[in-house]
Each structure stands twice: as structure tokens, then as C-alpha cells.
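This report concerns only the one structure given below.
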Amino acid sequence: MKIIYCFLSFFILTTISWSQSVKKNKFILEKGVSEELAIFRKQQLSEVNYGLSFVIPDKKDQEIAANLVVGFKLSDLSRPVYLDFNEKSQNLKSVLVNGKNVAIVHDKEHVVISEKNLVIGNNKVEISFIAGDLSLNRNDDFLYTLLVPDRASTLFPCFDQPDIKATYELTLTVPKVWAVLAGAPVKEKMDKGETVTYKFGKSDKMSTYLFSFVAGEFKNVTENPSGNRSMTMLYRENNPDKIKASTDTIFGLHQQSLDFLEKYTQYKFPFQKLDFASIPVFQYGGMEHVGAIQYKESSLFLDNSATDSEKLDRAKLIAHETAHMWFGDLVTMKWFDDVWMKEVFANFMADKIMNPIFPKINHGLQFLTAHYPSAYAEDRSAGTHAIKQKLSNLKNAGSLYGSIIYNKAPIMMRQLEASMGEEAFKKGIQKYIEKYANDNANWENLVEILDAESPLDIKKWSDVWVNKSGRPILSDRIVYDSEKRIKSFEVIQQAEDKSNNLWPQIFDIGLVYPDGVKVIKVTVKDKITKVDDVLGLAKPMTIIYNYNGLGYGVFPVDVDNLDYISSIKDEVARAYSYINLYENMLNGTVAPVKTFDTCLEGIKVEQNELVIKILSSQLNTIFWKFLGDKQQMIDQQKLEEVVYSRLQMDLPKNIKKTLFGLFSSIAYSDSGKEKLYRIWSKEDVIANLKLNEDDYTSIAMNLAIFKHQNADEILSKTRAGISNPDKQKRFDFLLPSLSKDDAVRGEFMMSLKDEKNREKESWVSVALANVHHPLRQESAQKYIRFSLDLVTEIQRTGDIFFPKDWLNNTIGKYSSKYAFDEVQRFLKENPNFSPILKRKLLQSTDGLYRAQKIK
């Protein structure tokens, strides 16, 4: 019986294994990297190494000759080996497989290597090719690669999926005056007259999207802030004040971030080096390439006019990218449906890193202002989605990025930490890093580890937080007895989308009395939660929900007692009350005029820069989107006078700078323009308001949009005063969007049909905002349909954030019935419009949709 049983067991296991293998092999080759192809290749291939060489000419329109030698171990010959190459077939010049010339087969963006030319075990494929330009970001005198999430295959043939980690041996030949940076140290440098060839050592293991190099006319500086690890930075900034004020701080922030992360994770810095490049036209704030982080230059280099908030943003950016070395680079998601995991941990850790670096900052307030408004902006819209999203093909991975993963996910993680306890959470994270170092993991792998550290059923807890979309709307039901004491107190939650979803969470409520605030912790688990800790307490003057800013959703607001908000002493409670008021306005609970007036009262007295940023943002949006024309005329004068009056007061420079940003954006009355002009021309100087060259450029742009009578002269003088050649090129690009001539602006809009004119995506976003500014929408609205029709092309050619930025700065600027009808018409006439892009469109037009009801 034992022999028969063993035979049957063997037969069953063999049959299962064979059927699974057949299932893995059954996929149809398609463009991009399908999940089925990725699963098959993961079990087919191992021990991948890329030998890459690029010969980069000094003219950006010349081709880049390249060569690839990729070695790998093969365990399955049932299908060919598919190398991804999303470029023209004619870019492929020759293919050698294990030393033998073979025919070039390029099918559906894949170089197909026949199994007939391969062997079980070690193989080598050599390909001579012309490098793809799409992700090389070539400029006249520098370039940089940006390959996230699936763009490595647009540069060179590769296995472009996150769970096939590989090592890289890179050779770059560049013009003699160029500097270079890549993921491994330079091993050899060879001078060849007009060019120099750099050979880099073997890199650490990394996913394809983390491979990068930077080359061009950069200055460099090396520092050793810890005494045991040197770091090098490439940069192009030429402002001596910014260089002097920023350089040591930039290096110091990287070292402080490393120190914190090594201690928190109990895992030493995992790579050979930590260098970085500062790039003027970079599309994002930063990108966490192994050994060669890339940053937007304006985010790193600040001068003495910078506000505390700007310094904090820089520090958080550096901490975020440094945290990725552990969360994303060392431990990488298996598939891009879990891309949110690397982003949530980078943001979550960055917030923790800030505590010791900025001891005077209220970090609960900082977390609140950094995450909640952005998370709500997408989660309240008809385009919301779960934190974890389904992904069938890597070519759509760029659509997964947005505020849900960057902002809602950290809120979720902070709730999880609060529910588990900090020490149990930290212990789980340490085990996760140790177990999956130099490997790949998914959310389920982390949940399994965290579950072992907590009695909380984390799988069940995370089901709604991670796998479901939306947020709760919370209400209360309070009964008082004859002596006006609380007899019963219930908190009720209902999903905003009317589903049955329930969000387990912890938050505080503050019961306000004449002599102080009684703070009560509330743990919500069900649809109705009874709060017994308040029973018997006297009826409060008002109740402040989410007092500690830990909860998530739309909370009750005391509509009859809004003036009280500005007098709340606790900064977090005060800031969240303003945020919650705004969300209630959007849901129709409070009128826009009343919300505007409450925020305006707050601006008059607020002393915290972060809270002023919240108020400024909300006032701006309410003013431009949710007030009628007559009300706008009344409130423009009020807002302008209040803010300018505060600028004359004795206030700290960071408060002055933040307030001035609001003033500059709305001072379009005749008197406002004159005040702004006198500040720009330096005829008037506001005490303790520190403005730099970039600030004066922004003022000039606003004056042009506001139709100042001297607009042409203002723009001309501004251009002449820009000392940085990269910034001068940016200004030249923006000039047509600032023109007073509608035809010039129209010609600029039409020029964006050409992909080459969209290369500098951050410039394009600013230019679009100029063209579609609310004061210009009567003439600009004719470009709405043009902008919508181009979105599919924008997604195909642009980087991950560009489709949403494009929508935000075109149709997202509008609140009119005309714009609403254009969107409806577009959707009706395009029934097969990409569901992914439709979601982005619905996110960008949430304000437009709500304005139709609110106005």
C-alpha cells in the first residue's frame, strides 16, 4: 500500500507540475510585457548579466551606436527567449547567439531568440543596435536615462520586468568635456582624443527600471559627511548663493537619511555607492536609481530666501529617494501591481526621518498637510481606485501612479502602525527586509510577516484599505439627557460610493468646553460605533472630529460654529478642521461663500506656515472654481486687501513668502497689478520678504497673464536678467504661452502635436497652465477638445506623470458648463477610450463636475 500510495502521490504531483508548466507556457505574444510572459520568463531565466556599451556623440540628433552582451542561465527550452525591445526593427543591426550569427526576428516589440539556438544552462546573446531615444532625455549638452516603469526596453533589448534582477557592466564613450555617472564606480578611463571611454565595474543586482546613467556638461563635487562613505553629486546650477547655501546640506541630508534607515531596518546600506545628479529639466522630484539618484535641480538648490516649508520639502525628497534604497531597490515588488509598496514605504520612512532633522516642526501637521488634501483629491472623484490595482501588461504600469499610492497609502500605513503598535510594526519590517533582500516580494508576503507580529487580522484589515477604493463619510448620533449630559454617542460610517465597505480606524475627537478640550480616542470597526468614554460628559460647545489627524474620511462639521476653527489651539486639529470644512463644501454640506469666508478669517490670524499653505490652496481653488462671477468680484478685492495687509505686518520671512505666493496669484485688479509691478521692479520693498530670481520670474509671468500694460517690457527685462542658461531656455519655451496675442498662444498649443515639442514635460505643464488660466479661458476653451483628443498620444510617448499633468493643466483648470459639456461629448464620442485614461480624466475633472452642482 505504501508503494502504491507513493506512486500515486508522485503521479499526482508530476501531473500538477506538468499542467502548471503547460499553463505557464500558454501565452500569446503581445506588445509590452504581459503578466503571462513575465511569469514564464521568471521560471525560464536566472543569473542575468548585461554588458552594455553606448557611444554618445556631442550632437543630440545623431544616433547612438550601442552593443549588448547578455548572459543568462536557461532552465526551459519549451519556448524561445524573448528580449523586449520597444524600438524600430531597423535599429537592430546584428544578433549572435552563443557565438553564432542568427536572423533578426523582431515581433511585437520583442527580439525573439529561437530555442533551437539555445541550450539548457549558460547562454550568451550579443546584439548590435542603435539605442532608442525615447527615454534618453537628450539635450544639447547632456542626457539622462529614465527607465521606470517599462522604458528600459525603449533603450536596449532586455528582460524588462521587476522580478528578473540582473547585474550590469556599462561602458560609455562620450565627448571629452562631459562628466558621467552610473550605478557602479568607474573602473577604467581611456582618453581617445575628442572622446573619453569610461568602463564601470559590475553593478549590484537591480531591476531594469533602476538601471541608469547620466552624461553631459556637469560640474561635480564630492563630500564625505560621515567620514566613511564619499558621495559625488553632478550639477548644473550656477547661482553661487544657491550652491553655497545648499551643497553641504544636500550631502548632510543624504547621510542623516542613511543613518536613520540603517538603524530602523537593522540592515546596512546595501549598495556599492550613493551618488546623485541634479538635473534642470527632470520630470519628477527624484528617481531612486541604484548608485545614481536623479533629482530635479530646483528641488535641491535653495538660497537664503527659502521658506521652512521649501527646506522641509527638499529634505523629504532626499529622504524619500534614500529610503528607496531599501524599499524598492533592495527589496523590489514582484510585479508592478505592487508598485505602491515601494512608494508607500519611501514616503512613510521619509516622514519618520524628518523628526530628528527638523525638531521644531510639528510632524503630525506636516504629515497631514503633505498627504490628506492630495489623497482626498483623487479618492473623492469618480476616477478613484484601490491602492493595489490590477495590471495585465507592464506597458500600462505608468497609469498606476498617482496620489492614491503616494498619499493615501502612507495614511493607510500609519493607521496600520497605530493599530499594531510601533515596535511590533518595526520588528515586522526588519524581518521583511532581511528575508527578501536582493529579491522580490509582494503585499501578501509582507502581510504574512506582519500578521505574525500582531493579534490584529491584518489580511482582513487590509482588504478594504488596500484592495478597495474610496473613503468613508462619517456622521454622528448624539442623545443628551435632561441635564444636557451625553446619554449616548454613536459614530456612523457609510462608504462614499454607497458600497458596503467599512474602514477600521483609530482617531481622536475633541469635545470643546469653556475651560479646555476633552480629547477622546475612538476605535471604529463597524458601521455603527458606540463611544462609551463620553457618556455622562456635559454637552460641549462644539466637537472637533479627527483631532489628531489620524483618521481618514469626511467627518461631521459644526456648520453653525465655523468661526471657532481659527481659535483651535492645537495645530493639527486646526489644520484638519480647515481640510474637513473644504471636503464638506465639496459634498454640499457648506456653501462655498461660507467656506471661503472661514478660510479668509483664518488667513488674517494664522501664524503657522503649513496651515497657511492649506488655507492658501483652498482659497485659490474656491475663488477660481466655485464662486460665481459677481461673488468673485467681491471676494477678489477682499482677499487681495487682507493678504496685502498681512504682508505689511511684522511676520517671519517664511510666513511672508507663503502669503506672497497667494497674493501674487490673485492680484489681477488694477490696484493689485500696480502693487505687484512695483514689487517686481523693486520700487517697493516689503520688509522681511525675501525674493530670488525665480520669484521675480514668476511675478513677471503673472503680470503677463493679468494683462499688465507693460507686459512685453516686463517679460523682455525678465529674460535678460536670467543668469542660468538652462532657466533661460525654459523661459524662452514658456514665452508663447504668456503672449497677449491669442493667435500666438494657439500656435503654441498646436505645436504640441509634435512629440519633440513635448520633450520637456515640466515646461509643457507650466505652459498649459498659462494658456488655460481662468482669466484666459474664454479664448482658450476652444483647445479643450484638442487637448482631450491628444491624451492617448501623451500616454504613449510621455513619462508616468505626464498624462495626468496634461489633463490637470488643460481641462482640469475649468469649471464652466461649456467645459463640462465638452468632456461629456468627448466620452460619448469615444466609447472605447482607455479605461485607465478615463480614470485620470475623471480625477482631473472632479472639480469641474462638482462645480456644476455647487455653483
Side-chain angles (χ1 to χ4, degrees), residues 162-163 165 183 203-207 210 224-231 251-276 288-291 293 315-316 318-334 338 340-359 363 367 409-410 412-456 458 462:
D163 61 345
K165 291 192 171 185
S203 75
D204 301 289
K205 283 178 70 175
M206 68 181 90
S207 303
L210 292 168
N224 190 345
S226 68
N228 58 20
R229 179 187 291 110
S230 293
M231 304 177 199
F251 282 97
L253 287 168
H254 280 92
Q255 187 60 50
Q256 287 171 294
S257 299
L258 286 174
D259 292 342
F260 178 93
L261 287 157
E262 287 185 334
K263 184 177 180 181
Y264 187 93
T265 63
Q266 292 294 290
Y267 198 101
K268 286 290 185 183
F269 176 68
F271 300 111
Q272 296 175 48
K273 67 189 185 80
L274 183 71
D275 295 337
F276 36 94
E288 68 271 16
H289 301 119
V290 170
I293 300 172
K316 272 197 67 179
I318 289 171
H320 177 106
E321 303 307 335
T322 308
H324 270 311
M325 299 300 111
W326 283 261
F327 301 96
D329 295 8
L330 177 65
V331 181
T332 311
M333 65 272 163
K334 290 180 180 178
D338 274 319
W340 68 274
M341 286 182 67
K342 75 183 183 74
E343 299 305 337
V344 67
F345 276 116
N347 261 350
F348 188 70
M349 291 299 159
D351 288 314
K352 286 184 176 294
I353 293 166
M354 292 305 97
N355 291 11
I357 297 177
F358 289 86
H363 291 284
F367 186 98
M412 176 278 293
M413 200 62 81
R414 190 171 67 148
Q415 271 286 337
L416 180 56
E417 181 187 51
S419 300
M420 285 183 64
E422 284 189 35
E423 284 307 309
F425 181 83
K426 185 199 289 187
K427 189 176 178 182
I429 296 305
Q430 290 171 355
K431 289 182 176 180
Y432 168 74
I433 291 291
E434 181 66 35
K435 182 173 181 178
Y436 293 105
N438 292 305
D439 206 344
N440 300 80
N442 59 25
W443 174 242
E444 288 71 26
N445 297 140
L446 176 58
V447 166
E448 185 180 352
I449 291 173
L450 294 179
D451 253 333
E453 302 297 326
S454 171
L456 181 70
I458 296 172
S462 73

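With sequence neighbours excluded, the residues forming a side chain to side chain contact (heavy atoms under 4.5 Å, CB included) with A319 are S257, A350, I353, M354, listed by chain and number. E288 meets the side chain to side chain contact (heavy atoms under 4.5 Å, CB included) test with Y209, L210, E321, H324, M325, D329, K342, E343; sequence neighbours excluded.
In this structure, the side chain of N355 does not engage the main chain of P359 through any donor-acceptor pair within 3.5 Å. Listed for the D275 side chain is no donor-acceptor partner under 3.5 Å among the backbone atoms of M231. K165 places a side-chain N or O within donor-acceptor distance of the main-chain N or O of L330, the cut-off being under 3.5 Å. Put simply, the side chain of K334 never gets that close to the backbone of D163: no donor and acceptor are under 3.5 Å apart. Although no hydrogens or angles enter the test, the distance criterion places a donor-acceptor pair under 3.5 Å between the side chain of H363 and the main chain of F358.
Closest approach of T322 to H254, counting heavy atoms only: OG1-CD2, 3.7 Å. Nearest heavy atom pair, residue N224 against residue S230, reads ND2-OG, 3.7 Å. Pairing each heavy atom of A441 with each of V331, the nearest pair is CB-CG1, 4.1 Å. For the pair P410 and N347, the tightest heavy-atom approach, listed with the atom from each and the gap, is CG-CB, 3.8 Å.
Atom NE2 of H320 sits about 10.5 Å away from atom CG of D351, to the nearest 0.5 Å. Here the CH2 atom belonging to W326 is positioned 9.0 Å from the CZ atom belonging to F271, to the nearest 0.5 angstrom. Distance CD1/I318 to CZ/F251: 10.0 Å, rounded to 0.5 Å. To the nearest 0.5 Å, atoms CD1 (I357) and CD (Q256) are separated by 4.0 Å. Distance check: M333 CE to N440 CG gives 8.0 Å after rounding to the nearest 0.5 Å.
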Give the table of side-chain donor-acceptor pairs shorter than 3.5 Å for residues 414-428, with sequence neighbours excluded, one pair per line with atom names and distance.
from : atom 1 : to   : atom 2 : distance (Å)
R414 : NH2    : G549 : O      : 2.6
Q415 : OE1    : I506 : N      : 3.0
Q415 : NE2    : I506 : O      : 2.8
Q415 : NE2    : L550 : O      : 2.9
E417 : OE2    : K352 : NZ     : 2.8
S419 : OG     : Q415 : O      : 2.9

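Within a 6.0 Å sphere centred on CD of E444, other residues, nucleotides and ligands contribute more than 12 heavy atoms. Residue Q272 places its CD atom among more than 12 non-hydrogen atoms of other residues, nucleotides or ligands, all under 6.0 Å distant.
Between F269 and R229 there is a side-chain heavy-atom pair separated by less than 4.5 Å. Looking only at side-chain heavy atoms (C-beta outward), N445 and K435 stay at 4.5 Å or farther from each other. Considering only heavy atoms from C-beta on, F345 comes within 4.5 Å of I429 through its side chain. Looking at F327 and I433, their side chains come closer than 4.5 Å, going by heavy atoms from C-beta outward.
For Y432 and Y267, the ring centers are positioned 6.0 Å apart or more.
For D338 and W340, the side-chain atoms include at least one donor-acceptor pair closer than 3.5 Å.
Ring geometry, Y264 versus F260: the interplanar angle falls under 30°, so the pair is classed parallel (tilted spans 30 to 60°).
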